[in-house]
Amino acid sequence: MEEEGQKYSKAPISNPMSQEDLFFSEHLTETSSKLLLFDLPPELLTELENRSLHLGGEANSEAIISGSQSSFLIRKSETTNSLLILEDNIVHKISHDIYLCEKIIPPLHQIYGLLNESPYTSDDIKRKKVYSYMELAEKVQASDSEIKDYLKKINAFEFRGYWRIFDEEYRIEVLKNIMCKLMEKDWPDVIVRLVSQEFPEIPYEILLALLKTIGNIDRDTFIADKLKVYQICAHDLFNTHNEYLKDEFETAFKNLANMIVYRKYINTSLSIEEILEGIAVYRIKNYSSSVKYLNKYQISYNLEERLNSLFSIKPRWTEKELKVYLTDVSIISLPQLLLRYTKKIMEGSVVLYTSKLN
Amino acid sequence: MILTKADKIKDFMMIELQGEVQYSENLDGLKLGKLEDGGQKCKLVIGNHILRGKAETLSKPIAVIQKSNQNLIMVGMIRKKIIFSERPAPIPDQTKQTMKQLIK
């Protein structure tokens, strides 16, 4: 059978003043349905030089394409014009659409939902479904870098081939016990091996993962992150009640901190507001100031759902407060988000934002 | 679904025509017309009509991707586009004679 390329002239049509007959491919019907046009971002084109890219997403959602660093939503852009796609002088496709790729924040919060199906507790034998990294990557379409970064943010850890998060009550209880032990022992340096000897019932890998949720481990020495140590006190109080009167919370917080924060980690320069950032918000309820638990990793990552949730908890926010909850959920900058979704109001000399959505 | 790149990337071109291309028969293997490519200014003769357009180099090339079973392969890039944004004009008789000679 004669090749198409041999049958038709192959003179390049880009020659100035060239004249050339154009033909439809002999297999136009077939090639037209097989070829797609993609406006791929330069970073994906560069990555394609060296590796393959993964396209996916949940059955009912739009497709997402991920590179090693970022994820893009694939959106079909239709045109009423006819786009003829030619190689040499042969038309291989007549198209009315091009697939565009929009940079997005992938639905990483689904990972939290999956890992929270069976959080790690002392009674891990009763666990239900657990997920390996590959299973998570298949379920949640995002780049490797985005998934790994998110796993770190939610204090997830790999244990016996599966990624897990701690049951929050278990984590706080064990860390409180560890902090009390540190106060009792008053070691100059906290050697993880020595801590492990004091808690033989906790698997060593679990002890490491627990300590890493409140600091770093350099060789065998634990170095605490002061902010995270104080945050244990806040999490502990919120395990009992979801919301406190402001004064009541602050008194309970100080008492608890005195009891469990290892004295070497006491840093009076941290304010309660700083400690509660991303964990809880201050609001007025029934004419009294209160502190309500609001974990930024546990509310919806859908921007409009998140905004609705935030403004239903508290109708007026400062920019600083909103920044904590809106930074990781959209590629749109905070000033643009505020302009699009909020109304600016003045309360005395303070600038506050209310919702434009309802 | 996996997207990979073919070993050899072909050079494709795009012709954009205003509106829908309507046809009553299968186009496979048929002649579309004659293209006169004058660098920036281009002409396309289809039957008794002539279209005038202009060529442009795309600032962001478009990838041509082929579906293959459950996977996708990038087989080419489109860097050049010729846009025929005006309505097709009928070829006057005298021009038609000249065009006929050209098309022969």
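Side chains included, hydrogens not; waters and symmetry mates left out as well; all remaining heavy atoms used. Below, read A as the first sequence line, B as the second, and so on, with proteins coming before strands; counting in each chain starts at 1. Here the structure is a predicted model, which means the values were calculated and not measured.
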Arg51(A), CZ atom: more than 12 neighbouring heavy atoms under 6.0 Å
yes

Taking every heavy-atom pair that is under 4.5 Å apart, which of Ser33(A), Pro42(A), Ser82(A) has the most such pairs with chain B?
Ser82(A)

Distance in Å, Leu72(B) CG paired with Lys34(A) NZ, rounded so as to fall on 0.5 Å steps:
12.5 Å

Tell me, for Ile94(A) versus chain B, whether the close heavy atoms (under 4.5 Å) come from the side chain, the backbone, both or neither.
side chain

Does any backbone or side-chain atom of Thr29(A) lie under 4.5 Å from a heavy atom of chain B? Answer side chain, backbone, both or neither.
both

Counting only heavy atoms not in Gln40(B), do more than 12 fall under 6.0 Å of its CD?
no

Looking at Arg306(A), I want to see if its CZ is surrounded by more than 12 non-hydrogen atoms of other residues, nucleotides or ligands under 6.0 Å.
yes

Approximate separation, where rounding is to 0.5 Å, of Phe24(A) CZ and Leu32(B) CG:
4.5 Å

Minimum heavy-atom separation for Leu40(A) and Met74(B), please, with both atom names.
CD1-SD, 4.2 Å

Quick check: are there more than 12 heavy atoms from other residues, nucleotides or ligands sitting under 6.0 Å from NZ of Lys153(A)?
yes

Checking side chain to side chain contact (heavy atoms under 4.5 Å, CB included) for the pair Leu35(A)/Val75(B): CA distance, chi angles, key distance, verdict?
CA-CA 9 Å; Leu35(A) 294 179; Val75(B) 293; 4.3 Å; yes

For the NZ atom of Lys5(B) and the CG atom of Leu53(A), what is their distance to the nearest 0.5 Å?
12.0 Å

Under 4.5 Å to a heavy atom of chain B? For Glu30(A) that would be neither

Heavy-atom cut-off 4.5 Å, strictly under: side chain, backbone, both or neither for Ser95(A) against chain B?
neither

Supply the atom-to-atom distance Ile62(B) CD1 to Leu36(A) CG, rounded to the nearest 0.5 angstrom.
13.0 Å

Distance from Leu3(B) atom CG to Ser52(A) atom OG, nearest 0.5 Å?
8.0 Å

CG of Asp39(A) to CG of Leu58(B): how many Å apart, nearest 0.5 Å?
9.0 Å

Flag if over 12 foreign heavy atoms under 6.0 Å of OH, Tyr133(A):
yes

Which region of Ile73(B), side chain (C-beta onward) or backbone (N, CA, C, O), has a non-hydrogen atom less than 4.5 Å from a non-hydrogen atom of chain A, or is it both or neither?
neither

Top of Thr80(A), Leu48(A), Leu45(A) for chain B proximity - count of heavy-atom pairs under 4.5 angstrom:
Leu48(A)

What are the two closest heavy atoms between Met1(B) and His54(A), and how far apart are they?
O-CD2, 3.5 Å

Please classify the contact of Ile98(A) with chain B as side chain, backbone, both or neither, using a heavy-atom distance under 4.5 Å.
side chain

Can you tell me if NZ on Lys60(B) sees more than 12 non-hydrogen neighbours from other groups inside 6.0 Å?
yes

Atom group of Ile46(B) that falls short of 4.5 Å from chain A, counting heavy atoms
neither

Side chain to side chain contact (heavy atoms under 4.5 Å, CB included) evaluation trace for Val64(B) with Glu87(A):
CA-CA 11 Å; Val64(B) 179; Glu87(A) 185 198 358; over 6 Å; no

Flag the one option from Ile78(B), Asn26(B), Ile2(B), Leu27(B) with the top tally of heavy-atom pairs under 4.5 Å to chain A.
Leu27(B)

